[in-house]
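A quick write-up on the structure given underneath.
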Amino acid sequence: MDDIVKKVKKANAVALKVGNSYIDISAIYELASDAEVSLITADSKEGIEIYRHSTSHIMAHAVKELFPSVKVTIGPATEEGFYYDFDSERPFTPEDLLSIEEKMQEIIKKNNPFIRKVVSKKEAIAFFSEQKEAYKVEIINEIKAEEVSLYEEGGFVDLCRGPHIPSTGYIQAFKLLSIAGAYWRGSEENKMLQRIYGTAFKAKDELKDYLKLLEEVKKRDHRRLGKELDLFSMNDEIGAGLILWHPNGALIRKTIEDFWRNEHLKAGYQLLYTPHIAKIDLWKKSGHLDFYSENMYSPMDIDGIDYELKPMNCPFHIFVYKNAIRSYRELPVRYAELGTVYRYERSGVLHGLLRVRGFTQDDAHIFCREDQIDNEVFNVLEFTLFILQTFGFEKYEIFLSTRPEKYVGTPEGWELSTNALKRALELKGLPYEIDPGEGVFYGPKIDIKVKDSLSRKWQCSTIQVDFNNPERFGIMYRGKDDKEHMPIMIHRALMGSLERFFGILIEHYAGAFPLWLAPVQVSVITVAERHMEYALKIAGFLRTNNIRVETDLGGDKVSYKIRQSTVKKVPYSVIIGDKETENNTITARKRSGENMGFDSMESFLEYLNIEVTKKSTKEQV
RNA sequence: GCCACCGUAGCUCAGCAGGUAGAGCAGCUGAUUUGUAAUCAGCUGGUCGGGGGUUCGAAUCCCUUCGGUGGCUCCA
């Protein structure tokens, strides 16, 4: 035991792990001498959580000291920090955060030990009633066990399962980040509380790095870059959550769309265009009015009949399928569409391009026979990864969602298709997690989250089996046996929505798009007026060879023009001076600042074309 | 939708103990013709998000509306 105590000190451990549970370090002497104990330090996921959770207690302590009338509620650790929710008559201000931080420093300096006390529920309720902490009483009343644990530190007692760090002095670096409203227990029915977010690290450097990362995230914010690079905008006279694609953004979108369409044709899809509205009866039949009406807009009256803006494309694709009698021979039928849909999102959740009210899905529906489902899912998976990789997303997290409580179709059908999804993932050798019961009511699904250059995760792709629509619309094919069969319908989107994907791309590349996507690929810059003729010749040559060129021939200094081009994140600047004009050569400057020489404009074009064709996400060396 | 904060020139922001708007960048004009991240000078530009109110007087205070930002399933 003494051995462990020594180790604890040396490792600066925050807690201990015994079997599957975590305990306070001070509990070490209560353990049997042969107990298997491992040390938890702030380097581990569990350790840092304990560390941050303890920081949230210290924050609650500080708040109670500064504002005694505030009632405490809960304060867990989160993925990147912690928060604590308070019921306060007066909302907190940014200035309050500073004084709370100061108070926390004091508490940390005192190095108060965290002391655990186990009491009966009755005792605990009596204690918190006395303290007028109604939320704590409510929580205790819902705890099933007979006893609950309390933690005290410097006179501040909080209900807590623990464990905690041994004493407040363990906290080396923390920062309070923001104030927000949050409903008690996350329900809109309940009172709105004041939440304070913060984070803590075991070393000052780590906190500094984290704050730097937050700065970097801010710099990459697609809303900011969207303005700076003139990619898109929104306008309150048009409406919230509705996007205007500016020429630069539209050009990138066109490039993405061209790529998408070409690859879909190669992969055996057929392209569709369908209307933006349809009669309300269609949406009754599809079940959207029952299951999705919260996200749909009010109907519009056309000649006395109600029409709805479409929130999804599926019903239209189904009618294309149904427009003829299908034979088992023509399956699988794969319909793809860049389909623009409109969905009601609550005003508070709208966010730049990432959460909007009108967007274009890269949608497709595959109608296939049961014996084709494995192959189809596998191909979709492979196709998805190919598309995502082209945009520079190499890391994923994959989730398989299974049957929820409320579902349509038969358990056998669910089993069959869930297994098909599983087999495809395994055949492709992709690690995945199962999200039990998280499938949509109409079928199981695979969700793919991509990790961007800052390791942030974004949900883009989804592959879903749909039992609902084939049944509701009675879609059939004529089998080999000359009988009617219901095909299996697979619904999938790879980028999800073009708006959202564009937002993710902007942040992923920090606005510096790879050559094939960049709205302006080459900027031709002259040193002096006498170089204009040669510059125009080069620009014209590149332009007629499908390179997107811009010229800067004015009387500004070269350094100014280069700055202009760099700020716009143009991949290549071509600088034309006496040297180039005399020898008919090209000097190109990369965004990174590196210079390259080419002995002719043809060789420069060839160089560019290689990069464009490869859709390289990295600049060539 | 809810809570908090914010909304001043195309952009970034200053002005806010109420006295009727200002800077930098951008734009325009002129000068400069320059070799790798900002040449100089002048000029233009705002019914201070919209509407209403308090006041002799409102960008500044109040109400309302529209938009934006951070959050609102990480459960002692």
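We name chains A, B, ... by the order of the sequence lines, and we start the count at 1 in each one. Because the structure is predicted, anything quoted here is derived from the model rather than measured. Scope of the values below: all heavy atoms of this structure, side chains included, with no hydrogens, waters or symmetry mates.
- Checking B:rG67, B:rC72, B:rA37 against the side-chain heavy atoms of A:Val567 singles out B:rA37 as nearest.
- When Watson-Crick and G-U wobble pairs are counted only if both distances are under 3.5 Å, B:rG27 pairs with B:rC43.
- Contacts of A:Leu150 with the nucleic acid, taken as non-hydrogen atoms under 4.0 Å apart, are absent.
- Distances were taken from every side-chain heavy atom of A:Ile74 (C-beta onward) to each of B:rA37, B:rC75, B:rC2; the shortest belongs to B:rC75.
- The phosphate of B:rG70 has OP1 or OP2 within less than 4.0 Å of a side-chain N or O from A:Arg223.
- Between A:Arg346 and A:Glu188 a salt bridge is recorded (basic side-chain N to carboxylate O distance below 4.0 Å).
- Across all strands, A:Glu580 comes closer than 4.0 Å to base atoms (heavy-atom distances).
- A close approach under 4.0 Å does not occur between any side-chain nitrogen or oxygen of A:Tyr183 and OP1 or OP2 of B:rC3.
- Within the nucleic acid shown, A:Pro91 comes within 4.0 Å of sugar-phosphate atoms alone, with no base atom in reach, counting heavy atoms only.
- Nucleotide B:rU54: unpaired (no Watson-Crick or G-U wobble partner with both distances less than 3.5 Å).
- A salt bridge is absent between A:Lys212 and A:Glu216; no separation between the charged side-chain nitrogens and carboxylate oxygens falls under 4.0 Å.
- Straight-line distance from the NZ atom of A:Lys557 to the P atom of B:rA37: 10 Å, rounded to whole Å.
- A 3.5 Å limit on both hydrogen-bonding distances identifies B:rG71 as the Watson-Crick or G-U partner of B:rC2.
- At least one side-chain nitrogen or oxygen of A:Tyr197 sits closer than 4.0 Å to the OP1 or OP2 atom of B:rC72.
- Between A:Tyr84 and the phosphate of B:rG71, there is no side-chain N or O to OP1/OP2 separation shorter than 4.0 Å.
- Contact check, A:Arg185 against B:rU73: no side-chain N or O comes under 4.0 Å of OP1 or OP2.
- Within 4.0 Å of A:Asp158, counting heavy atoms only, lies no atom of the nucleic acid at all.
- If you check every strand for non-hydrogen atoms under 4.0 Å, A:Gly348 touches a base.
- Taking side-chain N and O atoms only, A:Ser347 has a distance below 4.0 Å to OP1 or OP2 of B:rG1.
- Atom CE in A:Met192 sits roughly 13 Å away from atom P in B:rC5 (whole-Å rounding).
- Of the side-chain N and O atoms in A:Arg90, none sit less than 4.0 angstrom from OP1 or OP2 of B:rA4.
- For the pair A:His351 and B:rG68, the criterion of a side-chain N or O lying under 4.0 Å from OP1 or OP2 is not met.
- Atom OG of A:Ser523 and atom CZ of A:Arg548 lie 14.0 Å apart (nearest 0.5 Å).
- Under the Watson-Crick or G-U wobble criterion, with both distances below 3.5 Å, B:rC13 is paired with B:rG22.
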